[in-house]
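Some notes on the structure that comes next.
In the text below, chain A, chain B and the rest are named by the order of the sequence lines, each starting its count at 1.
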Amino acid sequence: MDILKDLNERQREAVEWVQSPVLILSGPGSGKTRVITYRIAYLIKELGVDPFNILAVTFTNKAADEMKERVYRLLTAETGKRGNGETGKVSEMPWIATFHSTCARILRHDIYRIGFDRNFVIYDDLDQLNLIKECLKELEIDPKEYRAPAFAAAICRAKENLIDYESYIIYTKARGEDFYREMAAKVYEHYQKKLFKNNALDFDDLIMKTVELFREKPEVLEKYQERFIHILVDEYQDTNHSQYAFTKLLASKYKNICVVGDEDQAIYAFRSADIRNILEFEKDYADCKPEVFVLNMMEDYRSTQPIIDLANNLIVYNEERRKDKGKIILPKDKKPASSTSTVDAEEASEGKVPAPVLQALPNELEEAEYVMDEARRLHRKERIPYHDMAVFYRVNAQSRVLEDAFRKARIPYNVVGALGFYEHREIKDIVAYLRVLINPKDSLSLKRIMNVPPRGIGKVTVQKIVDFSNKNKITLWEGVKKIENVRGLSPRAQWLVKNFRNLMFKYMELAKNLGVGELINKLIKEIGYIKQLEKEDTFTSEMRIENLKELMDAAHQFEEKSENKSAQVFLEDVSLISDIDTWDDKAKAVTLMTLHNAKGLEFDTVFIAGMEEGFLPHSNAFSEEKELEEERRLCYVGITRAKRHLYLTYTDRRRLYGNTYWGLASRFIAETGVEGLARRSLGVGGEAAPIFRRERFKVGVTIIHPDFGKGKIIKAEGFGEDRKIEVVFAGGEKKKIALKYANLQRI
DNA sequence: GTCACCGTATGATTG
DNA sequence: ATACGGTGAC
Ligand SMILES: Nc1ncnc2c1ncn2[C@@H]1O[C@H](COP(=O)(O)OP(=O)(O)OP(=O)(O)O)[C@@H](O)[C@H]1O
């Protein structure tokens, strides 16, 4: 069977094993994603499984598209033996998507069973934040004292763990005195009720409501269990509890499940991902007859030996890591595709296999310059295409200087993330129009557009309609419809709202028959959005016009490629798009992205910029050992993306957000042992930052001050001599202390 | 009442 | 750099 010829023996076994659940817990580059892809093709082609009965879950839409494409190619490949007719055409493709879009599609069909409308809208995190701000206003909570993003985080964490607001309130009470949590509970409840009124779901609801649906309506669950007889999940180490519950429910009937992941690459604990899901997978299926098939592969087909060494050296510093996990190794059977088979240090130094490079730079500008220069050199001298190079960093804001350097040098580049296309204000405005047309209950979006572009309906008028609607227990849109009954409006204001109402009536009609593309075109023209922007005539307004044009193109393209051309489906696509999804990996350009976005990808050349204490590891992770280990895994993920060329750079001093950060080289640098390997380590004499040594005075540490006595560190910043800490002393008073001047003792 | 402008505060990682 | 709240002109 020749689709299996691209696999090694153990991969092949995993592809062919269908007698019981499969767990693949394997290192980077070991071919996990490849196994899933081939397994899907194998199920269809060799076992005659109906593609309709297969669900594969990926981490991003982009990964889903790629997998679809590969599966399609495997299915249509000329096999000589079998094949679905001479055209090799595939009649149907399996369902390959992210958790979020999978759940969105399920809910679109069946959510009415738990009391929601099927035409719900999906709120992204900006919408979520705006709605929470509204809640704070209505609950009379001062948003300066209690920040909205903190509530958003609390609510997300709760939902990721399937805790609805009722349970949240109960847990809060059980905990006793916790003012902040009590407040969060109130906000959560209010927020959730508002979502319901708006007929909206946020991202986390998509999963949570699906689980709720499955639990409350067994016949719905059964329907999907019969539909998804074979389930495959990629990147399983980064699933959270709700995703775990979803998967487990679906798989519980047939138990044809295959999960794949690597706990050393778990980097999403901050949004409740839990590696126990993958580590305890065997327990979940302990009663299966042949027991769970477990595969632990550590052969890394991606990287060269020196890169593998760095990764191995680094990851053992994670103390919570399973001691029996082992190291990744170069596969014996690896074909000399682009690199040589086995390599020793001597060969590496001769330049057959490039040695990883560690480079210190005085500041972030020179760092960017250096990265750009090296990229250009590799392109010219070694003929490495730009699209096979990437620059990774910890925080989006770091991309700016890099962009500038690449732009100035006229080297093509793409930035993944930062502000995604669909997060731009002008795009969100138009999307809000569409949402209201489809789901008039969406008051958040309605409020957003009532005066966009400015049409004389100001804050006060809107507030009056809101009050009127609340008093009469109707939605804001109902309030707008009954504008004649709203008291205290000037005739002019009433007239303006009536015009707006008529506009919306007209477009609600049009939306029934027109495709999204045409609808958006007409709408933008009629409301004079572009005219308004032209009037503003600034640099940003020009960009906005471009973006709007791009949106119209996107909508037309959508119409062409999709069967269901409704604005509804378009909106769904738009809401679920992620940063990485819009990245064009075939463009001839260097890719700039965060380490998080790099997961699952591979490049010939990888630069990791900003390898400094405070950035990688990020300063917010200093105080928790667990978080520090996650930062280390992040670094591990970055390193293991590189096939042949790896550069680690760090600076002495970095300007960001108008501040200057004086950094030490990241502890991870020393841990990788790159200094011993690198050809040009510490190139810039004297300007290199010293390599990090562990700070003794960390948050949480108890100290004794010669004057004030015993106290606990609650805040710490700076390094070495310059370190400043904030301490709460036994009496309760807080003091800021510079280590330089105080003779502190650690206890 | 509405809108455009200016000052101030404030920044991780994401589907 | 962007998101807010306050201010003055219409
Ligand atoms: N048996 C094999 N023979 C040759 N190349 C392979 C084999 N298996 C995998 N590869 C190659 O190794 C690289 C990594 O494969 P893949 O992305 O499937 O690994 P992965 O385990 O999912 O990686 P990661 O966890 O790091 O994202 C790919 O370029 C793939 O083509």
Calculate the interatomic distance between E631(A) atom CD and dT13(B) atom C1'; express it in whole Å. 8 Å
Does CZ in R407(A) sit with more than 12 non-hydrogen atoms of other residues, nucleotides or ligands closer than 6.0 Å? yes
Provide, to the nearest angstrom, the distance between the CD atom belonging to E235(A) and the P atom belonging to dT14(B). 15 Å
Base, sugar-phosphate, or nothing: which does R455(A) touch, judged by heavy atoms less than 4.0 Å apart? sugar-phosphate
Check every atom of dG15(B), dA3(C), dT2(B) against the side chain of E160(A) and return the nucleotide holding the closest atom. dG15(B)
Please confirm whether the ring centroid of Y317(A) lies under 6.0 Å from the ring centroid of F668(A). no
So does D581(A) reach the base of dG15(B) with its side chain, donor to acceptor, closer than 3.5 Å? no
With a 6.0 Å cut-off on the ring centroids, do F270(A) and H596(A) count as close? yes
Just how far, in rounded Å, is C1' of dT14(B) from CG of L634(A)? 12 Å
Sugar-phosphate, base or nothing in reach of D125(A), heavy atoms under 4.0 Å: base
Scan E627(A) against the nucleic acid and name what it touches under 4.0 Å (heavy atoms): base, sugar-phosphate only, or nothing. base
Is T461(A) touching bases, backbone alone, or none of the nucleic acid, heavy atoms closer than 4.0 Å? sugar-phosphate
Whole-Å distance, R492(A) CZ to dC3(B) P, equals 8 Å
Are R105(A) and W95(A) in a cation-pi contact, defined as NZ or CZ under 6.0 Å from the six-membered ring centre and within 45° of the axis? yes
Rounded to whole angstrom units, what separation is found between the CD atom of Q532(A) and the C1' atom of dT2(B)? 13 Å
Determine the contact category for K535(A): base if any of its heavy atoms lies under 4.0 Å from a base atom, sugar-phosphate if only primed atoms, P, OP1 or OP2 are that close, otherwise nothing. nothing
For Y657(A) and dT10(B), what is the distance between atoms OH and P respectively, to the nearest whole Å? 15 Å
Looking at dA1(C), dA4(B), dT13(B), which one has an atom nearest to any side-chain atom of R400(A)? dA1(C)
Side chain of V460(A): nearest nucleotide among dG15(B), dT14(B), dG1(B)? dG1(B)
May I ask you to establish whether R271(A) and Y268(A) are in a cation-pi arrangement, using a distance under 6.0 Å from NZ or CZ to the six-membered ring centre and at most 45° from the ring axis? yes
Between Y224(A) and D110(A), is a side-chain hydrogen bond (donor to acceptor under 3.5 Å, both in side chains) present by the stated rule, with each step listed? CA-CA 11 Å; Y224(A) 285 101; D110(A) 295 296; 2.6 Å; yes
By nearest-nucleotide position on DNA chain B, the 5'-leaning member of N620(A) and D204(A) is N620(A)
Counting any heavy atom closer than 4.0 Å, what does E630(A) reach on the DNA or RNA strands: base, sugar-phosphate only, or nothing? nothing
Among dA1(C), dG15(B), dA12(B), the nucleotide that comes nearest once only the side chain of V395(A) is considered: dA12(B)
Is any side-chain N or O of N396(A) closer than 4.0 Å to OP1 or OP2 of dA12(B)? no
Base, sugar-phosphate alone, or nothing: which one does K62(A) contact when heavy atoms must sit under 4.0 Å apart? nothing
Of the nucleotides dT14(B), dG15(B), dA3(C), which one has an atom closest to the side chain of T594(A)? dT14(B)
Is the distance between the ring centroids of F246(A) and F214(A) under 6.0 Å? yes
Which residue, L656(A) or N451(A), contacts DNA chain B at a nucleotide closer to its 5' end, judged by nearest heavy atom? N451(A)
Between atom CZ in F270(A) and atom P in dA12(B), what is the gap in whole Å? 12 Å
Regarding K144(A), tell me which of base, sugar-phosphate or nothing describes its non-hydrogen contacts under 4.0 Å with the strands shown. nothing
Given dC3(B), dT14(B), dG11(B), identify the nucleotide with an atom nearest to the side chain of P454(A). dC3(B)
Out of dG15(B), dG1(B), dG11(B), which has the shortest distance to the side chain of K464(A)? dG1(B)
Atom CG of L136(A) and atom P of dG5(C) are separated, to the nearest Å, by 11 Å
Of the options dG15(B), dC4(C), dG1(B), whose atoms approach the side-chain atoms of N597(A) most closely? dG15(B)
Under 4.0 Å, counting only non-hydrogen atoms across every strand here, what does Y268(A) touch: a base, just sugar-phosphate, or nothing? sugar-phosphate
